[in-house]
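Quick notes on the structure that follows.
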Amino acid sequence: MRVASFVNFLELEFEGNINKNAICLGDVDNDGQNELVVGNENGALALFKGDNPRPIRYSTDLGMISAVAVGDVFNSGSNALVVVTGCGYCYIYDFDEDHLTDSSEKKPLQPIHAQRIPSNVKVMLIGDVNGDGFSEMVVALTDRVVRTYRWVSCGDVVGGKPYGKLIGLNKWELGDQIGGITFNLCKDGTPSLLVAQPGGTYFTLKVRPAGQDNELDPFDETSSELLTKMSLDYEPLASARLRNPNIHTEICGNIKLGKIRPSSCSSEGDANEIIKTSSTHSGNECLAAPYALSCPGLSGIETEGNNLSEQSVNSTKPVCRRTGSNGNENNSEEVVGYALATLDGTLMLVHDGKIQWNLQVDHQLFAVYGLDVTGDGRDEVVACAWDGNTYIVCESTQCVRFTFHEPVSAFTAGRYGLKGRQVPSLVYASFNNRIYLYYDITLSHTSTKTLADILKKEPEYHQLLEKIGQAAHLHDPANLIITLSFL
């Protein structure tokens with residue numbers, strides 16, 4: 001395991017205890033640059049932009065903020081900020097007419113809409129959960145309930161602000177405490193909702209959009225509840241039997257694993273092949289997981305590093321022949337997976353219900369995200385522990401660890417707008433009234449490489465070997481060193 005040292009960071013001023021889901025990165029003002037939104041248990045809400053260490057927008061007396069999210073909740077084509085408190089108040093902020101800059105003066109935030117929803121919300125998402133092209137607000141409660149809401153406009157816009165309210169669409173009540181919720185695309189391309197359950201397990205919730213015949217007036221109190229057809233599948237995962245069934249679990253979906261296209265390695269024509277989107281990695285890097293994804297029979301293999309025995313590959317049919325990325329990629333589709341992290345230190349990458357790899361660490365993981373830190377078009381799994389240890393793992397379990405200098409109360413990972421660029425960032429909320437945003441975390445690779453691996457890619461290295469007559473030792477650095485020692 002490599003150890004990384006990130007030194008470039010912003011120290012942001014914000015006081016108070018922060019719930020772990022009351023911090024997020026998102027483009028609230030729709031300028032193409034993400035901002036940082038954070039709320040505390042005292043009801044203070046702050047918005048940070050660029051390299052300004054102080055919030056450019058601020059609000060107080062909202063109540064105990066339990067979750068924040070950024071998304072197109074109005075279905076108007078632009079993002080808005082949604083804040084939910086533990087006592088059941090939902091506030092929506094719109095920045096279409098509020099131009100935010102790095103040097104903006106700190107101004108109070110004024111919500112354009114507020115309403116009551118059920119209390120005890122712990123997690124919130126905004127996105128299309130049923131595939132109808134409209135965004136919904138999804139919340140998970142501490143009493144094991146998941147609800148979905150949609151904004152319904154009521155007539156004309158009043159005073160330049162949307163007029164309507166959020167109405168309830170669906171409700172699920174689960175048997176165990178909910179860890180985290182996330183969106184994820186199914187194999188057929190339809191969206192679904194994954195709900196983490198204790199012990200490294202999860203539920204898959206799918207909603208089919210209601211027909212136009214089911215449209216009801218949201219302001220008619222006598223009308224029946226708007227319900228859509230739903231399905232619920234429990235995924236125990238084979239390795240979950242070996243874990244503590246009561247341990248807390250977090251989940252993150254839509255992690256980009258690469259591109260997939262039809263392959264001719266199967267006579268039935270139903271096998272697929274992963275396309276490497278970049279040549280940044282070495283030849284043997286990130287090889288095990290693509291094979292597991294390509295061949296259905298190998299999809300349950302747990303890998304360690306780059307180790308995948310040739311016997312296990314050859315003994316499973318069909319065996320796919322990797323042809324690289326020279327083919328036609330226009331017809332390729334993005335492959336997505338999802339990661340689970342448990343409080344006992346287990347980190348898993350799952351694709352189509354099958355575990356691709358399983359990693360065990362000695363720290364209590366409480367947050368997991370997908371983020372491309374190598375720039376190859378594929379996401380790495382980023383998991384953070386309560387003590388500040390952060391793990392960045394690629395699809396072949398090559399791991400990089402970064403140790404934050406103190407315990408954290410909240411963590412998020414994503415892209416942050418800084419100096420006109422969207423840079424991958426890690427955000428830590430500490431217990432000393434400070435937020436640390438590490439913005440220069442781009443890695444050239446996640447695997448360990450030797451000096452010989454680097455020299456093999458240098459043309460000058462090849463020329464020098466040919467000049468001294470040692471080109472035969474190009475792929476045998478050990479003999480080359482012995483030979484050069486006698487020259």
Mind listing the side-chain donor-acceptor pairs of residues 175-183 below 3.5 Å, one per line with the distance, residues two or more places apart or on another chain?
residue : atom : partner : partner atom : Å
Gln177  : NE2  : Thr142  : O            : 3.0
Thr182  : OG1  : Gly253  : N            : 2.8

Does the [X] side chain pair with the main chain of [Y], one donor and one acceptor, at a distance under 3.5 Å?
{"X": "Asp379", "Y": "Lys256", "answer": "yes"}
{"X": "Glu136", "Y": "Thr148", "answer": "no"}
{"X": "Asn389", "Y": "Thr403", "answer": "no"}
{"X": "Asn358", "Y": "Met348", "answer": "no"}
{"X": "Asn40", "Y": "Gly43", "answer": "yes"}
{"X": "Tyr338", "Y": "Gly353", "answer": "yes"}
{"X": "Glu380", "Y": "Val393", "answer": "no"}
{"X": "Asn79", "Y": "Asn30", "answer": "no"}
{"X": "Thr249", "Y": "Gly200", "answer": "yes"}
{"X": "Asp372", "Y": "Gly377", "answer": "yes"}

### Phe411/Phe404 aromatic ring centres below 6.0 Å
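No, they do not, as the ring centres are separated by 6.0 Å or more.
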### Message
Counting the benzene-type ring for Trp, do Tyr428 and Phe9 have ring centres under 6.0 Å apart?
### Response
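No, ring centres 6.0 Å or more apart.
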If you draw a 6.0 Å radius around [atom1] in [X], do more than 12 non-hydrogen atoms from other residues or ligands fall strictly inside?
{"X": "Phe431", "atom1": "CZ", "result": "yes"}
{"X": "Asp61", "atom1": "CG", "result": "no"}
{"X": "Lys20", "atom1": "NZ", "result": "yes"}
{"X": "Tyr369", "atom1": "OH", "result": "yes"}
{"X": "Glu406", "atom1": "CD", "result": "yes"}
{"X": "Arg116", "atom1": "CZ", "result": "yes"}

### Task
For Ser135 and Asp128, test the side chains for any donor-to-acceptor distance below 3.5 angstrom and give the result as yes or no.
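There is no such pair between these side chains.
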### Task
Would you kindly say whether Ser59 and Tyr91 are connected by a side-chain donor-acceptor distance under 3.5 Å?
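Checked: Ser59/Tyr91 side chains show no N/O donor-acceptor pair below 3.5 Å.
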### Query
Should the pair Tyr58 and Phe14 be assigned to parallel (<30°), tilted (30 to 60°) or perpendicular (>60°) ring geometry?
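Correct class here is perpendicular.
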Identify the heavy atoms of [X] and [Y] that sit nearest to each other, and give their distance.
{"X": "Ile65", "Y": "Ala22", "value": "O-CB, 3.8 Å"}
{"X": "Tyr149", "Y": "Pro118", "value": "OH-CD, 2.9 Å"}
{"X": "Met137", "Y": "Ile117", "value": "CE-CD1, 4.4 Å"}
{"X": "Ala67", "Y": "Lys122", "value": "CB-O, 4.2 Å"}

### By salt bridge (Lys or Arg N to Asp or Glu O under 4.0 Å) - contacts of Asp96 (at least two apart)
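Testing Asp96 for salt bridge (Lys or Arg N to Asp or Glu O under 4.0 Å), a comparison that skips the adjacent residues, returns none.
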### Query
Can a salt bridge be assigned to the pair Asp352 and Lys354 using a cut-off of 4.0 Å between side-chain N and carboxylate O?
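No, no charged N to carboxylate O under 4.0 Å.
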### Message
What I want to find out is whether Arg57 reaches Asp29 closely enough, with some N-O distance under 4.0 Å, to be called a salt bridge.
### Response
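Asp29 and Arg57: not salt-bridged.
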### Query
How many angstroms lie between atom CZ of Phe6 and atom OG1 of Thr390, to the nearest 0.5 angstrom?
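OG1 of Thr390 is found 8.5 Å from CZ of Phe6.
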### Query
Roughly how far, to the nearest 0.5 Å, is the CZ atom of Arg401 from the CD1 atom of Ile392?
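So the gap between those two atoms works out to 12.0 Å.
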### Task
Applying side-chain hydrogen bond (donor to acceptor under 3.5 Å, both in side chains), name anything that partners His113, two or more places apart in sequence or on another chain.
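By the side-chain hydrogen bond (donor to acceptor under 3.5 Å, both in side chains) rule, His113 matches Gln115.
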